[in-house]
Asker: 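Got a structure for you, questions after.
The first residue in the sequence is number 1, and the count goes up from there.
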Amino acid sequence: ISFVFLVFELCLVCCDITDGNAEHLKREHSLMKPYQGVGSSPTSQWDFSGSTLVTSSYVRLTPDERSKQGSIWNTVPCYLKDWEMHVQFKVHGSGKKNLHGDGIAIWYTKDRLHPGPVFSNNAVFHGLAVFIDTYSNDDATDRSFPYISAMVNNGSVSYDHGKDGRSSELGGCSAEIRNREHDTYLAIRYSKGRLTVMVDVEDKNEWKECIDIGGVRLPTGYFFGASAATGDLSDNHDIISMKLYQLMVEHTLEEENLDWTKIEPSVSLLKSPKDNIDDPTGNFRGTPLTGWKVFLLLLCALLGIVVCAVVGAVVFQKRQERNKRFY
C-alpha cells in the first residue's frame with residue numbers, strides 16, 4: 001500500500017505545472033530584474049513602447065493615469081515547440097471597486113509593437129493572447145471581474161472589446177488580482193497541442209487551473225510580449241518578471257520533420273467559442289481529460305490488474321493445497 005501511495009504522489013509531482021527549474025530557463029526569452037538587455041539598441045532582447053517605464057524593481061506598462069498605453073516585447077523569436085511562461089505581475093491603483101481599468105494582455109504573436117485598441121495592441125492578430133481584464137465593458141455580463149481569458153487567432157477575427165472578447169475566447173476564470181499585498185502570478189503552458197493557463201493569486205504558493213483545452217495549434221517563430229492600457233479609468237499595470245521554460249517533450253518523427261513555422265494558429269473544439277455566451281463560467285464543459293488525469297486513470301487500471309493477479313495467485317495456491325490433501 002505504501003508503494004501505491006508513493007507512486008501516486010510521484011504522479012502528481014511529475015504532472016503538475018513546472019516549479020520553475022532553472023535548468024530549462026530560456027534567458028533570451030525571459031524578462032527579469034535588473035532588466036538588463038531592455039532598450040532600443042541592436043543587442044537588446046526586449047523593446048518597449050508607449051508609456052512603459054523600466055525601473056530596477058518593475059516594468060510599469062501604464063501609470064495610474066487616464067488614456068495611457070504601454071507594451072514590452074521580446075525581440076527574439078521563439079522556436080520552442082513546447083514551453084511554459086511564468087508571469088509575475090501587479091495591478092494596483094487608487095480606484096475603488098469597478099472604477100479602475102483596463103488590464104494586461106500577455107501575447108505570443110507573429111507581429112510585435114503594433115499599437116491598437118486591445119490593451120494597447122492590435123485587435124486582429126496571429127497567435128495567442130491571454131487577457132487579464134479588470135473592467136467589464138459589457139453592462140449585460142454576469143461575470144465577476146477581474147476576468148482572465150484566452151484567444152487564439154489566425155488574423156481572421158477581431159477581438160470584440162465592447163463584449164470583453166467573449167465571442168472568441170477559449171475559456172476563462174475570475175481572479176481577484178487587484179491591489180493584493182502579496183505576489184500574483186500567471187502561468188501559460190503550451191505542450192503537444194494543449195493550452196493550460198494557471199493562476200497563483202491567493203498567496204498559497206500553489207497553482208489553480210483557469211483554462212485547460214486541447215486541439216490548439218501554435219507555430220514557432222512568434223514573439224512574446226505584454227501590454228496594458230487605461231481609458232477613462234486607470235491603474236498601475238506592472239510586470240515584475242516573465243520567465244520562459246522549455247518543456248522536455250518527445251514528439252513523433254512526423255512531428256519533428258514538420259515545419260512548425262508554417263503552422264496556422266487554430267483550435268479544434270467540440271464546441272464553438274461563441275457557445276460561451278450562454279455559459280457564465282466561460283469554460284468548456286466538453287473539454288477532454290487532461291494528460292495527468294488520463295495518466296492517473298491508466299495507473300489505477302494497472303494497479304487494479306496487479307491486485308487481481310495477486311488475488312488470483314493466492315486463490316490458485318490455496319486450491320492446489322486443498323487438492324493435495326484429498327490425494
Asker: Please report the closest heavy-atom contact between Gly221 and Tyr79, naming both atoms and the distance.
Answerer: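 Shortest heavy-atom separation between Gly221 and Tyr79 comes out as CA-CE2, 3.6 Å.
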
Asker: May I have the step-by-step check of side chain to side chain contact (heavy atoms under 4.5 Å, CB included) for Phe89 and Thr184, ending in yes or no?
Answerer: CA-CA 6 Å; Phe89 65 97; Thr184 48; 3.9 Å; yes

Asker: What pair of heavy atoms forms the shortest contact from Pro146 to Glu176, and how long is it?
Answerer: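 Minimum heavy-atom separation between Pro146 and Glu176: CD-OE1, 4.2 Å.
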
Asker: Is Ile177 reachable from Ile240 through a run of I, L, V, M, F, W or Y residues, each pair having side-chain heavy atoms under 4.5 Å apart?
Answerer: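 Yes, same cluster.
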
Asker: Taking all heavy atoms of Ile72 and all of Leu31, pick out the closest pair and write down the distance.
Answerer: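 For Ile72 and Leu31, the tightest heavy-atom pair comes out as CD1-CD2, 3.8 Å.
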
Asker: Would you say Asp259 and Thr261 are linked by a side-chain donor-acceptor pair, where the criterion is simply a distance under 3.5 Å?
Answerer: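 Checked: Thr261/Asp259 side chains pair up, N/O donor to acceptor below 3.5 Å.
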
Asker: About how many Å separate CD of Glu264 and CZ of Arg217, when rounded to the nearest 0.5 Å?
Answerer: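 Rounded to the nearest 0.5 Å, the CZ-CD separation comes to 9.5 Å.
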
Asker: Could you check whether Asn236 and Asp64, counting side-chain N and O atoms only, form a donor-acceptor pair closer than 3.5 Å?
Answerer: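 There is no such pair between these side chains.
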
Asker: Is there a side-chain contact between Leu233 and Tyr135 (heavy atoms, below 4.5 Å)?
Answerer: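 Leu233 reaches Tyr135 side chain to side chain.
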
Asker: Determine, for Glu65 against Lys68, whether the closest basic-nitrogen to carboxylate-oxygen distance falls under 4.0 angstrom.
Answerer: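 Yes, Glu65 and Lys68 are salt-bridged.
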
Asker: According to a hydrophobic-cluster definition based on side-chain heavy atoms being under 4.5 Å apart (Ile, Leu, Val, Met, Phe, Trp, Tyr only), do Leu128 and Phe223 belong together?
Answerer: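 Result: no, two separate clusters.
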
Asker: Please test Val76 against His29 for side chain to side chain contact (heavy atoms under 4.5 Å, CB included), starting from the C-alpha separation and ending with a verdict.
Answerer: CA-CA 7 Å; Val76 184; His29 301 298; 3.7 Å; yes

Asker: Could I get the full list of side-chain hydrogen bond (donor to acceptor under 3.5 Å, both in side chains) partners for Ser191, not counting sequence neighbours?
Answerer: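 With neighbours one apart ignored, the set is Asp82.
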
Asker: Should we count CD of Glu256 as having more than 12 external heavy atoms under 6.0 Å?
Answerer: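 Yes.
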
Asker: Check the side chains of His92 and Asp238 for a donor-acceptor pair under 3.5 angstrom, ignoring hydrogens and angles.
Answerer: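 There is such a pair between these side chains.
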
Asker: Step through the shown structure and confirm whether more than 12 heavy atoms of other residues, nucleotides or ligands are within 6.0 Å of CG on Asn257.
Answerer: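 Yes, the 6.0 Å shell around CG holds more than 12 heavy atoms from other groups.
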
Asker: Which atoms form the tightest heavy-atom contact between Lys90 and Arg180, and what is the distance?
Answerer: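 Taking every non-hydrogen atom into account, NZ-O, 2.8 Å.
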
Asker: Check whether any side-chain heavy atom of Gln45 sits under 4.5 Å from a side-chain heavy atom of Val38, and report yes or no.
Answerer: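 The answer is no, as the side chains (C-beta and beyond) never meet within the 4.5 Å cut-off.
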
Asker: Report yes if some heavy atom in the side chain of Met242 is under 4.5 Å from a heavy atom in the side chain of Met85; otherwise report no.
Answerer: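 Yes, side chains in contact.
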
Asker: To the nearest 0.5 Å, what is the distance between CG on Leu61 and CG on Leu53?
Answerer: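 Spacing of CG (Leu61) from CG (Leu53) equals 10.0 Å.
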
Asker: Answer yes or no: is there a side-chain heavy-atom contact under 4.5 Å between Val152 and Val267?
Answerer: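 Yes; the side chains approach each other to less than 4.5 Å.
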
Asker: Measure from the side-chain N and O atoms of Ser120 to the backbone N and O of Gln69, and report whether any donor-acceptor pair falls under 3.5 Å.
Answerer: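 Absent.
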
Asker: In terms of side-chain geometry, is the basic nitrogen of Asp160 or Arg166 positioned less than 4.0 Å from the acidic oxygen of its partner?
Answerer: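 Salt bridge: no.
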
Asker: Indicate whether any N or O donor in one side chain lies under 3.5 Å from an N or O acceptor in the other, for Thr62 and Thr230.
Answerer: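 No, no side-chain donor-acceptor pair sits under 3.5 Å.
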
Asker: Closest approach of Gly171 and Ile211, non-hydrogen atoms and distance?
Answerer: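 The pair with the smallest heavy-atom distance is O-CD1, 3.3 Å.
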
Asker: Indicate whether any N or O donor in one side chain lies under 3.5 Å from an N or O acceptor in the other, for Thr196 and Asp212.
Answerer: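 Per modelled atom types, Thr196 and Asp212 side chains form a pair under 3.5 Å.
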
Asker: Given side chains that start at C-beta, do those of Leu113 and Ser71 come closer than 4.5 Å, heavy atoms only?
Answerer: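 Of all side-chain heavy-atom pairs linking Ser71 with Leu113, at least one is under 4.5 Å.
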
Asker: Out of the candidates Leu80, Leu25, Ile188, only one should pair with Leu244 under the side chain to side chain contact (heavy atoms under 4.5 Å, CB included) rule; please name it.
Answerer: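 So the option named by the test is Leu80.
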
Asker: Is it true that Glu202 and Lys208 make a salt bridge, defined as a side-chain N closer than 4.0 Å to a carboxylate O?
Answerer: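 Answer for the salt bridge query: no.
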
Asker: Check whether the ring centres of Tyr245 and His86 lie less than 6.0 Å apart, and answer yes or no.
Answerer: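 Distance test on ring centres: under 6.0 Å, yes.
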
Asker: State plainly whether one hydrophobic cluster holds both Val91 and Ile106, where clusters connect Ile, Leu, Val, Met, Phe, Trp and Tyr through side-chain heavy atoms under 4.5 angstrom apart.
Answerer: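 Yes.
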
Asker: Are Val87 and Tyr35 joined in one hydrophobic group, where the rule is that I, L, V, M, F, W and Y side chains link up if heavy atoms are under 4.5 Å apart?
Answerer: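 Yes, Val87 and Tyr35 fall within the same hydrophobic cluster.
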
Asker: Give a yes or no on this: more than 12 heavy atoms of other residues, nucleotides or ligands lie within 6.0 Å of atom NZ of Lys81.
Answerer: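 Count over threshold, so yes.
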
Asker: Find the distance between CG (Asp138) and NE2 (His161) and round it off to the nearest 0.5 Å.
Answerer: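 Separation between the atoms: 12.0 Å.
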
Asker: Applying the ring pair (Phe, Tyr, Trp, His ring centres under 6.0 Å) test to Phe224, which of Trp73, Trp46, Trp107, Trp83 qualifies?
Answerer: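 One option only clears the test, and that one is Trp83.
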
Asker: Is the shortest heavy-atom distance from the side chain of Lys26 to the side chain of Gln246 under 4.5 Å?
Answerer: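 In contact.
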
Asker: Can you find a heavy atom in the side chain of Leu186 that is under 4.5 Å from one in the side chain of Val197?
Answerer: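 Yes, close enough: below the 4.5 Å cut-off.
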
Asker: Could you state the interatomic distance from CZ (Arg143) to CG (Asp133), rounded to the nearest 0.5 Å?
Answerer: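 So the gap between those two atoms works out to 10.0 Å.
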
Asker: For Val216 and Tyr190, which heavy atoms make the closest approach, and how far apart are they?
Answerer: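 That closest heavy-atom pairing would be O-OH, 3.0 Å.
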
Asker: Would you say that Ile263 contacts Leu258 through its side chain, given a criterion of any heavy-atom pair below 4.5 Å between the two side chains?
Answerer: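 Yes, their side chains come closer than 4.5 Å.
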
Asker: Check whether the ring centres of Phe131 and Tyr159 lie less than 6.0 Å apart, and answer yes or no.
Answerer: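 That pair passes the under 6.0 Å test.
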
Asker: Enter the distance from Ser241:OG to Tyr185:OH here, rounded to the nearest 0.5 Å.
Answerer: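 OH of Tyr185 is found 6.5 Å from OG of Ser241.
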
Asker: Should Met151 and Met198 be counted in the same cluster of Ile, Leu, Val, Met, Phe, Trp and Tyr side chains packed under 4.5 Å apart?
Answerer: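 No.
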
Asker: As an exercise, state the distance from CD1 of Ile132 to NE2 of His237, rounded to the nearest 0.5 Å.
Answerer: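 Ile132 atom CD1 to His237 atom NE2 measures 9.0 Å (nearest 0.5 Å).
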
Asker: So, Ser44 side chain and Asp47 main chain: donor-acceptor pair closer than 3.5 Å or not?
Answerer: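 No, because the side chain of Ser44 does not come within donor-acceptor range (under 3.5 Å) of the backbone of Asp47.
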
